[in-house]
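Here's the structure we're looking at; comments come further down.
In what follows, every chain begins at residue 1, and chains take the letters A, B, ... in the order their sequences are listed.
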Number of protein chains: 4
Amino acid sequence: MTETMEQWMEELLKSEAASEKMTEKQTKILASAIEVFAEKGYAASSTSEIAQRAGVAEGTIFRHYKTKKELLLSIVAPAITKLIAPFVLRGFGKVLDSNYESFDQVLRAMIENRIEFIAKHRSILKILLQEIPFHTELQVHLQKDILAKVLERLEKIVIKFQAQGQMVDLPSMTIIRLCISTIMGYIAVRTIYGEREDAVWDDAREREETITFIMRGLGYSS
Amino acid sequence: MTETMEQWMEELLKSEAASEKMTEKQTKILASAIEVFAEKGYAASSTSEIAQRAGVAEGTIFRHYKTKKELLLSIVAPAITKLIAPFVLRGFGKVLDSNYESFDQVLRAMIENRIEFIAKHRSILKILLQEIPFHTELQVHLQKDILAKVLERLEKIVIKFQAQGQMVDLPSMTIIRLCISTIMGYIAVRTIYGEREDAVWDDAREREETITFIMRGLGYSS
Amino acid sequence: MTETMEQWMEELLKSEAASEKMTEKQTKILASAIEVFAEKGYAASSTSEIAQRAGVAEGTIFRHYKTKKELLLSIVAPAITKLIAPFVLRGFGKVLDSNYESFDQVLRAMIENRIEFIAKHRSILKILLQEIPFHTELQVHLQKDILAKVLERLEKIVIKFQAQGQMVDLPSMTIIRLCISTIMGYIAVRTIYGEREDAVWDDAREREETITFIMRGLGYSS
Amino acid sequence: MTETMEQWMEELLKSEAASEKMTEKQTKILASAIEVFAEKGYAASSTSEIAQRAGVAEGTIFRHYKTKKELLLSIVAPAITKLIAPFVLRGFGKVLDSNYESFDQVLRAMIENRIEFIAKHRSILKILLQEIPFHTELQVHLQKDILAKVLERLEKIVIKFQAQGQMVDLPSMTIIRLCISTIMGYIAVRTIYGEREDAVWDDAREREETITFIMRGLGYSS
DNA sequence: CATGAATGAGACTTCATTCAT
DNA sequence: TATGAATGAAGTCTCATTCAT
């Protein structure tokens, strides 16, 4: 709970929460909803348990969210929007578009950035992954508004590096797919191994080898 | 493709053996349970809907499966076991261990094999993916009994090809991770694009490029 | 189960079972019905458990007994009838009516007789006691056909001894009530103490003191 | 009868204390649960009927009592505790220990007191009697916490009167058993005859004769 | 705004009973 | 006659949602 709270506090400052007016109770409700949904899945979670963990009465939830599903969406929809942020906001955009000289630096930055993001929003991402298959609206939202923009942005980057001549001449979407697959695979395994550093999982090395693998795979002479 | 045939027959035998003791109604129950679980998720599925789609009385479900959860497990547990089959059966083992001369042939066979498997069990795999996070027993089963064996088998193959000298000298587990990530990424995107063949997705080409990417990434001079 | 079976074997020989035709399965059904009803009570017993313990199929029960209630009655109704037997049959009747010279001998015989009876039919009596309140037919049967006859017989005995002059001149029904209360109290406590013989419960002594208490209470100078 | 009044008030206070926290609906649920359980037995009663008679929705029952069994226990457990009250409270204790001069007065008081108690709690006692055999916890509670204390108290009284010399020198437990048997027998028959006063059952006389019987049986010269 | 008792639809499950084999 | 799969009514219990306080 504390962990979730911390993240939330951060979110509160950064996002709409700061501008909108959320009562303290509402914040607590959201926090425990995230907690419970992530723990048991949306369908298996009961509003009464959420209320209990939030320390509010059952009815209070329905004062802020008309239905249980609205509560879910109030968690998941903003999360989807936030997924796109780094690709659109000054920070990431600026970096990718101009600064880095070589592609491996881009990969390194992306890995760093996504790991941080996942760590901070693990619970919400878990909920998102679980519920996406059952909510067409979310799927459409994710695909049209988010994925499209992300890919568009990434495409530009890839094309830029292809133009520099060392990268293989594949369709940019293919390159993006190969990069993302490999990176996500690295992050997934890393997550399973609990980010520990030992003989079984030498994170720094694995990351470098992963980047090297991609670079070689894309035709950069190593 | 002789090997693929062999697997197919073995799977058939196994499935038949199980279903021989099934009444027609029980088969129908299983089929609609898979259908409904895949469609709505386990927790959001009701036994009454499963019964309805199977064309049986609700009570009939509970004559064959003591609880709703037992029904789920009767679907998911065998699926987990089947996941391992191709890595353990003589057919596949023999092939991988000795027959193929170059690593890209191995990759090609694996891709073929897994695509076929996923196509045949898509619904069940969807259920499996959805439910794994909520059932520790399944997690343990998957990790200990299945994953361990699969990795062990794959490790042998990798080591054999590393010994031939053209492949980079990385930990075999790292190589396996990189291969699987890339292949799964290919299969995932392919699945989303619905296996269509058009300007957007030229499957034959994507597959070859994916294999080439891996081979290059692993140090084979292209 | 063995215990119950033994009793049943005896019953079989003695009662209608010998004349009627009971299949072996039917006997087993009755035996396990008695067992389960006594253990869980009629309403909380399931025909499926009875079938299971009897080692027959669920349907078999309903081939012999149209309903679950008929199965109950086939156990309980004969039991009620048997309750009266000792008061009507030659054995007991003869004894009470003529042989014994003093009332304490009558009491002693009754105690002996009832203890034996209860021991042999404990399960069935337990069922009877549990179910009597919920089945008017049984109540009527018990009251009219059984109790009336028993009391009638007992009344004669009491009157006979009253005529001998040492017993108080109370309504015979009052005397019967006092005797039965005291005797049942003795048997009840004895049953609780599990018929053990030790410092806590010296059965022989308790029985004699009980008889002495009744005799004194009824005016016999001790 | 001052003592009886005292008890009454104490009981009232205790009951009120419990019911003060009860909503009107909860009281109604309890009342109809007692009604239905007494009428049909616990296992044969349905929560839906209880709800119906109480004029509430079925779900309302489960808001107050987690399970049907908890509802039963909420009725039966306090009843067991109340059974002991008169034997432990100052009122009764004082009376028995010191005030009464002769044993028949004690008996008379006890009869009076228990008849009143039974009349007031007939339904609950019926439920208790029915369910005791199937709930080990209740058995233990009754035996350890209740019966032991009651017997201890009664023993003191008996010993006191034995010391006065007119009572037979039997183990006090034997004397208690004989008294209780006889009294319970009287109350039982009286209950069956519905407390009517006619030629068949002259209550005042039966009661006196019962007391006389006990007194004589215990050695008091009549 | 917040509460929490109340609701009633519907969830899972049990079980007496039927019937084709 | 015996079986046991199938039934469907009914049982216990859960839960999102409402509403008087």
Side-chain angles (χ1 to χ4, degrees), chain A residues 21 23-26 29 43-52 54-72, chain B residues 21-26 28-29 43-51 54-71, chain C residues 21 23-26 28-29 43-52 54-72, chain D residues 22-26 28-29 43-51 54-71:
Chain A
K21 293 194 180 170
T23 63
E24 187 208 7
K25 302 228 170 201
Q26 196 168 350
I29 289 170
S45 301
S46 79
T47 51
S48 96
E49 179 170 2
I50 293 168
Q52 214 170 306
V56 304
E58 292 204 57
T60 307
I61 290 178
F62 293 91
R63 189 149 292 284
H64 296 287
Y65 307 92
K66 256 209 306 286
T67 64
K68 187 187 168 193
K69 178 150 189 187
E70 196 180 297
L71 176 57
L72 172 68
Chain B
K21 288 171 196 165
M22 277 193 197
T23 59
E24 185 208 6
K25 302 239 168 190
Q26 194 169 352
K28 273 192 198 156
I29 289 169
S45 302
S46 79
T47 51
S48 97
E49 180 170 1
I50 293 169
V56 302
E58 205 171 350
T60 307
I61 292 177
F62 293 93
R63 167 157 291 278
H64 297 289
Y65 306 92
K66 272 203 290 289
T67 62
K68 187 188 170 193
K69 178 151 188 188
E70 195 180 298
L71 175 58
Chain C
K21 292 194 180 170
T23 62
E24 189 208 7
K25 302 229 169 199
Q26 196 168 350
K28 274 193 196 153
I29 289 169
S45 301
S46 79
T47 51
S48 96
E49 179 170 2
I50 293 168
Q52 214 170 306
V56 303
E58 292 204 58
T60 307
I61 290 177
F62 293 92
R63 188 150 293 283
H64 296 288
Y65 307 91
K66 256 209 306 286
T67 64
K68 186 187 170 193
K69 180 152 188 186
E70 196 180 297
L71 175 57
L72 172 69
Chain D
M22 277 192 198
T23 59
E24 186 207 6
K25 303 238 168 192
Q26 194 169 353
K28 274 193 198 155
I29 289 169
S45 301
S46 79
T47 51
S48 95
E49 179 169 1
I50 292 168
V56 301
E58 204 171 349
T60 307
I61 291 177
F62 293 95
R63 168 157 290 278
H64 296 291
Y65 306 93
K66 271 202 291 288
T67 63
K68 187 187 168 195
K69 178 151 189 187
E70 196 179 298
L71 175 57

Between D:Ala43 and C:Ala43 the two heavy atoms that sit nearest each other are CB-CB, 3.7 Å
When you compare the side chain of A:Leu71 with that of A:Ile29, does any pair of heavy atoms fall below 4.5 Å?
yes
Value for CD1 (D:Ile61) from NZ (D:Lys66), rounded to nearest 0.5 Å, stands at 15.5 Å
- prompt: Looking at D:Arg63 and A:Glu58, does any basic side-chain N land under 4.0 Å from a carboxylate oxygen?
  reply: yes
Ranking A:Gly55 and C:Ala44 by the position along DNA chain E of their nearest nucleotide, the one closer to 5' is A:Gly55
note: D:Leu71, atom CG; F:dG11, atom P; distance rounded to Å ~ 15 Å
Check: So, do C:Tyr65 and C:Leu72 sit near enough that their side-chain heavy atoms are less than 4.5 Å apart?
Finding: no
Just to be sure I understand the rule, does C:Thr47 reach a base, reach only the sugar-phosphate, or reach nothing, if contact means heavy atoms closer than 4.0 Å? base
Taking a pair to mean Watson-Crick or G-U wobble geometry with both distances below 3.5 Å, E:dA20 pairs with F:dT3
When every non-hydrogen atom of C:Phe62 is compared with those of C:Thr47, the smallest separation belongs to CZ-CG2, 3.8 Å
Using atom types as modelled and distance alone, determine if a side-chain donor or acceptor of C:Lys68 lies under 3.5 Å from a backbone N or O of C:Ser45.
-> yes
Per the under-4.0 Å heavy-atom filter, residues of residues 57-70 of chain D near DNA chain E come out as D:Ala57, D:Gly59, D:Thr60, D:Arg63, D:His64
Students should find that the nucleotides of DNA chain E closing off the region near chain D, any atom under 4.0 angstrom from a heavy atom, are E:dA5 to E:dG8
Whole-Å distance, A:Ile29 CD1 to F:dA16 P, equals 14 Å
Output for pair (A:Glu70 CD, A:His64 NE2), nearest 0.5 Å, gives 11.5 Å
Taking for A:Ser48 and for D:Ser46 the nucleotide of DNA chain F with the nearest heavy atom, the one nearer the 5' end belongs to D:Ser46
Practice prompt. Considering only atom P, compute the distance from F:dT21 to E:dC1 and round it to an integer number of Å.
Written response: 22 Å
With the side chain defined as heavy atoms from C-beta on, C:Val56 is closest, among F:dC15, F:dT12, F:dT3, to F:dT3
